[in-house]
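Values in this document were obtained by computation on a predicted structure and should not be read as measured data.
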Amino acid sequence: LSLTGDSSFDGAAVFNESGANKDFRIEGDTDVNLFFLDASADSIGIRSNSPNSTLHVAGSIRLPYVKVTSNNYNITATDYTVSIDNTSNNWTVNLPNANTCVGRIYVIKRFDENSTGSITIDADSCNVQDPAGGFFSATIQIPIWYNGPCVFGGGVMYQSNGTDWEAIGAFPGVQAC
């Protein structure tokens, strides 16, 4: 099959229905391996013709970022980094139920200076792991690691294990001036 010019298809398309060891490649304007499916490795390369992981990206990626400036926030399937600008109010950030999004990762970050308000993470009938102590509970608070002029919050990275939200990373606030 050879196509030139613009083409349009309605309906589904299946490539390699028989499961043969046949690679698939899409070229860009300047990159011959913009998208590369390595059939023998069952892997996909973005800008790489030799992916060494299920998804191998040889370049930068863009992940969703939202800055929250009003009380309370329900994290959605399209969020990744949620930055909370909270100076004095007590807020709740609601994670989705962990059994609806196995493997999903979220970064929840405080972006506030001299905060006196708390940020509570609610795990929707699941448990969420405290980044400092390792224990699981229905809710936890993102701690204020530093509290002083020009010091901005901290944060935690969570991943759903299908039952609970595990803390897979935590980072303290930073001196910004």
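- Hydrophobic clustering of Ile, Leu, Val, Met, Phe, Trp and Tyr side chains at less than 4.5 Å, counting indirect connections, keeps Y65 apart from L63.
- N161 contributes a side-chain N or O that, together with a main-chain N or O of T163, makes up a donor-acceptor pair within less than 3.5 Å.
- Counting heavy atoms from C-beta on, the side chains of V82 and V107 never come closer than 4.5 Å.
- Within the structure, no pair that satisfies the side chain to side chain donor-acceptor pair (under 3.5 Å) test touches residues 5-16, not counting sequence neighbours.
- Applying the 6.0 Å contact sphere to NZ of K67 captures more than 12 heavy atoms from other residues, nucleotides or ligands.
- Sorted by first and then second residue, the pairs that involve residues 27-41 and meet salt bridge (charged side-chain N to carboxylate O under 4.0 Å, His left out), not counting sequence neighbours, are R25-E27, D31-R47.
- The hydrophobic clustering, which links ILVMFWY residues whose side-chain heavy atoms are closer than 4.5 Å, places I61 and F36 apart.
- Annotation: side chain of I84 is in contact with side chain of W91 (closest heavy-atom distance under 4.5 Å).
- Take Y73 and apply the ring pair (Phe, Tyr, Trp, His ring centres under 6.0 Å) test, not counting sequence neighbours, and it matches no residue.
- Side-chain contact between V66 and T81 is absent, with no heavy atoms from C-beta onward closer than 4.5 Å.
- Centroid-to-centroid, the aromatic rings of Y106 and Y158 stay 6.0 Å apart or farther.
- Tracing side-chain contacts under 4.5 Å through hydrophobic residues (I, L, V, M, F, W, Y), one never reaches F35 starting from V32; they form parts of separate clusters.
- In the hydrophobic cluster analysis, where Ile, Leu, Val, Met, Phe, Trp and Tyr join through side-chain heavy atoms closer than 4.5 angstrom, I44 is grouped together with I26.
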